[in-house]
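Because the structure is a prediction, the values reported are computed rather than measured. Start at 1 with the first residue, then count along the sequence.
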Amino acid sequence: MSKGPGRLEVHGLTGRIGGPLGRHARVSSGLWFDPVPWTIAAATFTWLVLMVRQVPCLQTVVGEVPNAFTRLCYSDIPVLYQNRSAIWSGGALFTARLGESPLEYPALTGGFIWVARWLSDVFGAVVTPHADPAQVLAAANIFWAVNAVMLAACFAVLVWAHLQMGRDSGSPHTNGVRVRAWDALFIAAAPAVMMAGLINWDLFAVALTSVGLLLWSRKRPFAAGMLIGLAVAVKFYPLALLPVILLLCVRAGRLKAFGQFAGGAVLAWVVANLPVLVSPSMVFNFSSWHHFWAAFSTNFSGWSYFWVYNAGRGADFGSMWSLLEHVGIPLLNVSVAEAVSLLLAGLFIVGLTLAAPRRPRLAQVALLVLVAFLVFNKVYSPQYVLWLLPLLVLARPVVLDVSVFAVSEGLYFLAIWGHLANKLTTANGHEWLYWLAILLRIGVQIWLAVRVVNDIQHPWIDPVRGPFIDDPIGGVLDHQPDVVWLSTTRSPGRADQ
């Protein structure tokens, strides 16, 4: 069996099917047992399937919009382009226009859109306030194609990051085989990506988050924080990693590393948001503080619209709160119910993390926090599945778990579009299928969380851990002993295995 640095060999793949290899088994090496080409092939196939799925939704005639819900190929990207004059006219994205709100996305998502619009202009799109409807439609199709290429690059980075996170997973326990590198296949061949990869710009945030975790695993907390800060400037959810890493660093006594991580995150987030808050005209073209403050206030309202919009949102599609309202249990204030639920879930996770017989792995705690957020959030858009996929693969890379997750999310994907297409509604008597899909989605996510909690409470059955293995992506936390003042009660002879 080759153990050279250029070899990636299969070992854990059979462990997920029928158990670990025996000591007399022969592990093959070479191209056929290298996860890299297989992962690249799977990722290429996945993206091709996604692109082919989007073809029925391509609009070619002004005024003739394909029914994207019934064709299961809806994407915000061309729709937003056509419906927001700030985009197709080449204007400022975060400034309110007559009859339109500012862009309801964080600053760096706006940056992604700006780059895609600029590239669309380079490739022939007519980006001007004087564009006619036919020119806007043609530009929207170019804009969508450019975004598809950019998001394909994000997907490639995501897969690469998970291959790299598994690069150092070989140990005496695995006979030197880098078992975790094969886990990248769970992402490269994920039905979730085939379904939701081009609904919105979420893959940008997901890729940044995984690269941040990769840098953390390489013991580069400041650089990891910068990537997570950029990810938060794209989507809100990566912010959950800050309390997770703080909690684990408290237990390990590595607060300096957390300080570096948090400092990098804050710095990157501020730098990413400053161009929206402070435009060049504010700096150079105003002669008085009054003019400067007026311009800043205008920019601030556009920048903060994302936060205001989501804070004021009520119970929306896919959420448990909308389900409760449907069955006759209305809530006076959904935001308060959401906050209280998240607080209670957070307290449980804190207690579990501090009291576990062995410090939980980073991915385990992060998955619990994200599941809590997705279960109690006021909306569950179908592309949110992309947020959870990488953390699930890092926390529980088991065929059963990933398969059940894929099936439940696939059924929800069908149900939400059926609901929005008015096929699963009270009027036609099929709304129960939509509500059942929501219950299944929530139930499976809770089931996954319960399995992770069980792994945390019984670390000797953790599918990732084993002798000589602590946390493959733990970085400075990997094999770090707990602080003395926070020593926990361990099961004799089991917790340290």
Side-chain angles (χ1 to χ4, degrees), residues 46-61 63-83 104-105 140-141 143-145 147-148 151 155 189-203 206 235 237 310 313-327 374-375 377-389 403-445:
T46 294
W47 202 260
L48 288 176
V49 169
L50 175 61
M51 294 291 290
V52 170
R53 284 191 56 258
Q54 296 299 131
V55 172
C57 283
L58 181 66
Q59 183 183 355
T60 57
V61 180
E64 295 183 10
V65 182
N67 191 328
F69 298 149
T70 58
R71 299 183 185 191
L72 305 176
C73 52
Y74 174 81
S75 172
D76 284 326
I77 296 170
V79 173
L80 194 69
Y81 186 94
Q82 294 185 71
N83 292 340
E104 66 273 23
Y105 293 99
N141 289 333
F143 180 74
W144 181 87
N147 275 275
L151 290 171
F155 181 48
V193 178
M194 299 179 192
M195 295 184 297
L198 286 172
I199 293 178
N200 203 279
W201 293 276
D202 295 67
L203 271 176
V206 174
K235 292 287 180 179
Y237 86 92
N310 284 282
R313 206 168 184 173
D316 212 332
F317 60 79
S319 71
M320 64 177 296
W321 311 114
S322 64
L323 181 58
L324 290 175
E325 289 184 353
H326 174 75
V327 298
L374 294 177
V375 167
N377 195 29
K378 291 180 286 188
V379 63
Y380 189 79
S381 298
Q383 69 268 22
Y384 291 0
V385 63
L386 300 173
W387 304 358
L388 195 56
L389 175 65
S403 300
V404 171
F405 171 73
V407 170
S408 67
E409 294 292 339
L411 292 174
Y412 175 76
F413 183 84
L414 296 174
I416 185 61
W417 300 132
H419 175 72
L420 294 175
N422 296 318
K423 302 295 183 181
L424 303 182
T425 62
T426 305
N428 56 32
H430 295 146
E431 191 175 24
W432 66 273
L433 290 171
Y434 170 58
W435 301 119
L436 184 62
I438 294 176
L439 282 175
L440 178 64
R441 189 271 300 177
I442 293 174
V444 167
Q445 290 183 0

For a 4.5 angstrom cut-off between non-hydrogen side-chain atoms, does [X] reach [Y]?
{"X": "Lys235", "Y": "Val206", "result": "no"}
{"X": "Tyr74", "Y": "Ile416", "result": "no"}
{"X": "Val385", "Y": "Tyr380", "result": "yes"}
{"X": "Trp435", "Y": "Val327", "result": "no"}
{"X": "Val65", "Y": "Gln59", "result": "yes"}
{"X": "Asn147", "Y": "Tyr81", "result": "no"}
{"X": "Pro382", "Y": "Ile199", "result": "yes"}

Legend entry - Any donor-acceptor N or O pair under 3.5 Å, side chains Tyr105, Asn200: yes

Inset, instruction - Not counting sequence neighbours, which residues clear ring-ring contact (aromatic ring centres under 6.0 Å, His included) with Phe155? List them please. - result: Trp47

Value rounded to 0.5 Å, distance of [atom1] in [X] from [atom2] in [Y]:
{"X": "Arg53", "Y": "Leu48", "atom1": "CZ", "atom2": "CG", "value": "13.5 Å"}
{"X": "Leu436", "Y": "Glu431", "atom1": "CG", "atom2": "CD", "value": "12.5 Å"}
{"X": "Leu374", "Y": "Tyr384", "atom1": "CG", "atom2": "OH", "value": "8.5 Å"}
{"X": "Glu409", "Y": "Leu440", "atom1": "CD", "atom2": "CG", "value": "9.0 Å"}
{"X": "Leu433", "Y": "Leu424", "atom1": "CG", "atom2": "CG", "value": "5.5 Å"}
{"X": "His326", "Y": "Ile438", "atom1": "NE2", "atom2": "CD1", "value": "9.0 Å"}

Quick check: does any side chain N or O of [X] sit under 3.5 Å from a backbone N or O of [Y], one acting as donor and the other as acceptor?
{"X": "Ser322", "Y": "Asp316", "result": "yes"}
{"X": "Ser75", "Y": "Ile77", "result": "yes"}
{"X": "Arg441", "Y": "Tyr412", "result": "no"}

Restricting to non-hydrogen atoms, name the atom on [X] and the atom on [Y] that form the minimum distance, rounded to 0.1 Å.
{"X": "Pro56", "Y": "Pro66", "result": "O-CB, 3.7 Å"}
{"X": "Ala190", "Y": "Leu389", "result": "CB-CD2, 3.5 Å"}
{"X": "Ala189", "Y": "Met194", "result": "O-CE, 4.0 Å"}
{"X": "Ala148", "Y": "Met51", "result": "CB-SD, 3.8 Å"}
{"X": "Leu203", "Y": "Gly197", "result": "CD1-O, 3.6 Å"}
{"X": "Ile442", "Y": "Met320", "result": "CD1-CB, 3.6 Å"}

Inset, instruction - Indicate the ring-plane relationship of Trp417 and Phe69, choosing parallel, tilted or perpendicular according to the 30° and 60° boundaries. - result: parallel

Legend entry - Results of side-chain hydrogen bond (donor to acceptor under 3.5 Å, both in side chains) for Tyr237 - residues two or more places apart only: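 For Tyr237, no residue satisfies side-chain hydrogen bond (donor to acceptor under 3.5 Å, both in side chains) once neighbours in sequence are set aside.
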
Legend entry - With sequence neighbours excluded, residues passing side-chain hydrogen bond (donor to acceptor under 3.5 Å, both in side chains) with Trp321: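 None.
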
Inset, instruction - Mind running side chain to side chain contact (heavy atoms under 4.5 Å, CB included) on Leu80 and Glu104 for me, showing each step along the way? - result: CA-CA 11 Å; Leu80 194 69; Glu104 66 273 23; 4.3 Å; yes

